[in-house]
There are 2 protein chains.
Amino acid sequence: MARRNSNIADDSVARTALLDAAERLLVEEGYAAVTSRRVSAEAGVNNGLVYYYFGTMDELFIQLFRRRSEGSLERLRQVLDDPQPLWALWEFTHEATNNAITMEFIALANHRKAIKDEIATYSRAHRSLQLERLTATLRTYGVDSERWPATAILVLMAGTARFLLMEEGFDVQTGHAEAVAVIEREISALEGNRRR
Amino acid sequence: MARRNSNIADDSVARTALLDAAERLLVEEGYAAVTSRRVSAEAGVNNGLVYYYFGTMDELFIQLFRRRSEGSLERLRQVLDDPQPLWALWEFTHEATNNAITMEFIALANHRKAIKDEIATYSRAHRSLQLERLTATLRTYGVDSERWPATAILVLMAGTARFLLMEEGFDVQTGHAEAVAVIEREISALEGNRRR
DNA sequence: GTCTATAGCTGGATAGAC
DNA sequence: GTCTATCCAGCTATAGAC
């Protein structure tokens, strides 16, 4: 019987099935539903394998988060390569799929310290990457970086997008159309209407 | 032995102690820590009383949320009476205290349908009250309501404030100072510097 | 209204056979 | 690597004495 921290291939079938199942449960029923028994049942895999592959449920959550955040940073890179990067970033951030699971992780973080650290690291990397790529772009658009620093613009966009998604989760939409219109108008003023 | 839904005074000592204890646990350890056993222990009250007063844990959460939201709407009313209502609203929304518990309730809502409905109702009431009071104010400030509808401004402010608080919870602060500076500059342009 | 006791369930984690 | 069995903890909720 092998134990955690031994050399377990990251691409084993059972391991992947477990992570996939955990992700599904997390999105559909919230993190409270992500128990070792339910994850293994959902994955069609024996319950003992959860502990064989991850050791603890905490570790499973962490590895799930890492798998997602690597994918997500990779997608962000592609998004920022768009000829209209502000538009692309806005669409990306405003995308519902990412958000449900992100909110679950944030909630999880409130009582799982290890997850908290993972999220912090990821958030900083995410913001850095955006800054790195967009600071120069905004300058070429002629944005006054004193009045409108790139970081401020990014925070306003990200905050608004996430807030809209959060409220939509509760079927609260008051003022959303108007807020979206304002933001998209400002983006258009810099990058023109969205092409493609 | 009385049962739930009988006539139980809302101001009984034990009931209040239980709600207070639940609130404390919710803020400090997250909703997973809010179990009937821990709440009663924290309140210094017998465990059976949780069920005597609330019937189920779901009901306890709901009544806690209601107690808070009534208080919160009342405070919002006062805030909007400030001679500089935009400033006051910004400060209110940007206040850390409210936020920790709000995030917990949002997380809770993901797997407690009844809580979800409570939050939706409250959010709509909150937004309506803001709109009702601020639409006219913004007009007197000379804000062009075509370009900058009151609802859009409220959503942008609320979204940004909550996002900043959320990230601060993870010790992520990149760009926060810049975003705050931009928002406060815009508020100042309408209402002047913050007095008081 | 308050208390004790307990039924009944679900969960994390481990041991050890195969 | 996979599987079964199992220990132990913690939870909701109820029954019923006081």
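Residue numbers begin at 1 in each chain, while the letters A, B, ... track the order of the sequences.
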Requested in this report: May I ask you to list the residues of residues 27-36 of chain B, by number, that have any heavy atom positioned under 4.0 Å from an atom of DNA chain D?
Outcome: B/Thr35, B/Ser36
Please determine whether a side-chain nitrogen of the Lys or Arg among [X] and [Y] lies less than 4.0 Å from a carboxylate oxygen of the Asp or Glu.
{"X": "A/Arg147", "Y": "B/Glu186", "value": "yes"}
{"X": "A/Asp117", "Y": "A/Lys113", "value": "yes"}
{"X": "A/Asp81", "Y": "A/Arg133", "value": "yes"}
{"X": "B/Glu167", "Y": "A/Arg124", "value": "no"}

Report task. Spell out, yes or no, whether B/Ile187 and B/Val143 are grouped together once hydrophobic residues are joined by side-chain heavy atoms under 4.5 Å, including indirect joins. Result -> yes
For [X] and [N], what is the distance between atoms [atom1] and [atom2] respectively, to the nearest whole Å?
{"X": "B/Arg112", "N": "D/dC11", "atom1": "CZ", "atom2": "C1'", "value": "11 Å"}
{"X": "A/Tyr52", "N": "D/dT2", "atom1": "OH", "atom2": "C1'", "value": "9 Å"}
{"X": "A/Asp58", "N": "C/dA13", "atom1": "CG", "atom2": "P", "value": "8 Å"}
{"X": "A/Glu42", "N": "C/dG11", "atom1": "CD", "atom2": "P", "value": "13 Å"}

Can you pull the ring pair (Phe, Tyr, Trp, His ring centres under 6.0 Å) pairs that have at least one residue in [range], sequence neighbours excluded?
{"range": "residues 87-108 of chain A", "value": "A/Phe65-A/Phe105, A/Trp90-A/His94"}
{"range": "residues 129-168 of chain A", "value": "none"}
{"range": "residues 166-196 of chain A", "value": "none"}

Looking only at side-chain atoms of [X], point me to the closest of [options].
{"X": "A/Asn46", "options": "C/dA13, D/dT4, D/dT2", "answer": "D/dT4"}
{"X": "A/Leu49", "options": "D/dT12, D/dT2, C/dT2", "answer": "D/dT2"}
{"X": "B/Thr56", "options": "C/dT4, C/dG1, D/dA13", "answer": "D/dA13"}
{"X": "B/Tyr51", "options": "C/dT4, D/dT14, C/dT2", "answer": "D/dT14"}

Query raised in the report: Do the side chain of B/Gln84 and the main chain of B/Glu191 share a donor and acceptor less than 3.5 angstrom apart?
Result: yes
Query raised in the report: Between B/Glu104 (side chain) and B/Tyr31 (backbone), is there a donor-acceptor pair under 3.5 Å?
Result: yes
**Report entry** Pairwise side-chain contact, A/Leu80 with A/Thr137, heavy-atom cut-off 4.5 Å (strictly under)
**Finding:** no
Polar-atom pairs under 3.5 Å, protein N or O versus N or O of nucleotides 6-9 of chain C: list them with distances, or write none.
none

Query raised in the report: Which residues in residues 11-22 of chain A have at least one heavy atom lying under 4.0 Å from any atom of DNA chain C?
Result: none
Query - Under 4.0 angstrom between B/Tyr53 side-chain N/O and C/dT2 OP1 or OP2 - result: yes
